[in-house]
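Whatever order the structure lists them in is the order used to number ligands and atoms, beginning at 1. The analysis underlying the following values was restricted to heavy atoms, covering all of them including side chains, and did not include hydrogens, waters or symmetry mates. In this chain, numbering begins with 1 at the start of the sequence shown.
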Amino acid sequence: MQKIVILTGAGISAESGLGTFRAEGGLWAQHRIEDVATLEGFQRDPKLVVDFYNARRAQAAEATPNAGHLALAKLEAAFPGEVVLITQNVDDLHERAGSQKVMHMHGALSGALCGSCDHRWPAPMVMAPGDPCPACEKPTARPDIVWFGEMPYDMEEIFDHLASADIFASIGTSGNVYPAAGFVAEARRHRAQTVEFNLEASLVASQFDDIRIGPATQTLPLWVSEILAR
Ligand code: APR
């Protein structure tokens, strides 16, 4: 069996009704990154930031996994231990679709983090500024989201997976943000076969062996059935 390493971005959750970041009217057209996705923004106005993530948490809870999420869960079920899913997304649609090995490199709406002692715990549906940390009891709870300028989670393990991938698939990501946008180059360096799934060519499309243009709810089930038929 081949090891398949998958990277997903906001595009895989778009057909579940969750907005992407850089499309017309996307999240970064509605909010300034420096206000809602940086530590400085949180320190400047914790209520604005906590409310931003409370709204996204509520929206994600209302959303349901789509055929793209389900196709990836089906692929992993067919090849247990051989499929690694790295997501830039902070929603839990991959888990709710049945995917087991999901690495949230940008954190997750379901998590809370202590700004003082780094303790992490399941976030309440509605966080408030000054919520106490259950471990150190300081009023320094924050969303467990990796903000711009902060180190993504699990990078060492992620690069180990990229080094041993036979297939690297990137789904619904524009290739704007590193280190995720650099994963295809790393996978190629280790001679993985690379494929991109998007509505349009991403900024790193030229680095892929294969590009499947179309909605992920259509292109992914087709791709998974091709692999299962091999
Ligand atoms: N099927 C496939 N791809 C889609 C679909 C769809 N139905 N809908 C949108 N896309 C593609 C878009 O063409 C675009 O290339 O998804 C991509 C979304 O790009 P972005 O909005 O830039 O989101 P993403 O690449 O995930 O952003 C990466 O940037 O702001 C940070 O931390 C944030 O994790 C995020 C990171």
Side-chain angles (χ1 to χ4, degrees), residues 6-42 49 52-53 55-57 59-60 63-72 85-94 97 102-111 113 142-155 158 168-185 194-208 210-224:
I6 298 164
L7 170 70
T8 62
I12 197 169
S13 295
E15 291 169 89
S16 294
L18 298 185
T20 60
F21 291 95
R22 295 173 181 83
E24 190 79 21
L27 274 169
W28 296 149
Q30 302 161 40
H31 307 273
R32 286 170 8 118
I33 286 178
E34 48 273 40
D35 289 343
V36 296
T38 63
L39 179 59
E40 296 71 27
F42 176 67
V49 174
F52 175 68
Y53 289 99
R56 291 186 65 195
R57 192 173 301 109
Q59 211 197 14
T64 47
N66 62 52
H69 298 105
L70 293 167
L72 297 184
L85 177 44
I86 301 157
T87 186
Q88 300 173 92
N89 300 339
V90 294
D91 63 63
D92 61 352
L93 293 179
H94 283 305
V102 183
M103 302 178 76
H104 282 274
M105 64 179 288
H106 289 168
L109 290 168
S110 58
L113 168 69
R142 55 166 273 188
D144 187 12
I145 301 290
V146 177
W147 286 326
F148 283 88
E150 295 184 325
M151 192 60 180
Y153 285 130
D154 305 321
M155 291 312 294
I158 286 172
F168 174 72
S170 177
I171 302 157
T173 183
S174 60
N176 268 287
V177 174
Y178 285 80
F183 288 177
V184 56
T194 55
V195 52
E196 176 173 80
F197 296 84
N198 203 310
L199 292 180
E200 60 189 12
S202 76
L203 293 178
V204 290
S206 60
Q207 299 179 44
F208 287 88
D210 183 13
I211 298 183
R212 308 277 179 103
I213 296 293
T217 53
Q218 291 169 26
T219 56
L220 285 183
L222 212 55
W223 178 61
V224 168

What residues form a side chain to side chain donor-acceptor pair (under 3.5 Å) with Thr38, not counting sequence neighbours?
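For Thr38, no residue satisfies side chain to side chain donor-acceptor pair (under 3.5 Å) once neighbours in sequence are set aside.
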Please list, chain by chain and in numerical order, all residues satisfying salt bridge (charged side-chain N to carboxylate O under 4.0 Å, His left out) with Glu40, sequence neighbours excluded.
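If we apply the salt bridge (charged side-chain N to carboxylate O under 4.0 Å, His left out) test to Glu40, skipping adjacent residues, there are no hits.
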Kindly write out the residues that satisfy salt bridge (charged side-chain N to carboxylate O under 4.0 Å, His left out) with Asp210, not counting sequence neighbours, or none if the list is empty.
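Only Arg212 meet the salt bridge (charged side-chain N to carboxylate O under 4.0 Å, His left out) criterion with Asp210.
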Near ligand 1, which residues have a heavy atom under 4.0 Å away from one of its atoms?
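Shell around ligand 1 (4.0 Å, heavy atoms): Gly9, Ala10, Gly11, Ala14, Glu15, Thr20, Phe21, Arg22, Trp28, Gln88, His106, Phe148, Gly172, Thr173, Ser174, Val177, Asn198, Leu199, Glu200, Gly214, Pro215, Ala216.
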Residue among Ile86, Leu72, Leu220 satisfying side-chain contact (heavy atoms from CB on, under 4.5 Å) with Thr8
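Single pass found, and it is Leu72.
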Judged by modelled atom types alone, do Ser110 and Asp92 share a side-chain donor-acceptor pair under 3.5 Å?
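Side-chain D/A pair, Ser110 to Asp92: absent.
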Can you measure from CH2 (Trp28) to CG (Asn176) and round to the nearest 0.5 angstrom?
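Trp28 CH2 to Asn176 CG: 12.0 Å, rounded to 0.5 Å.
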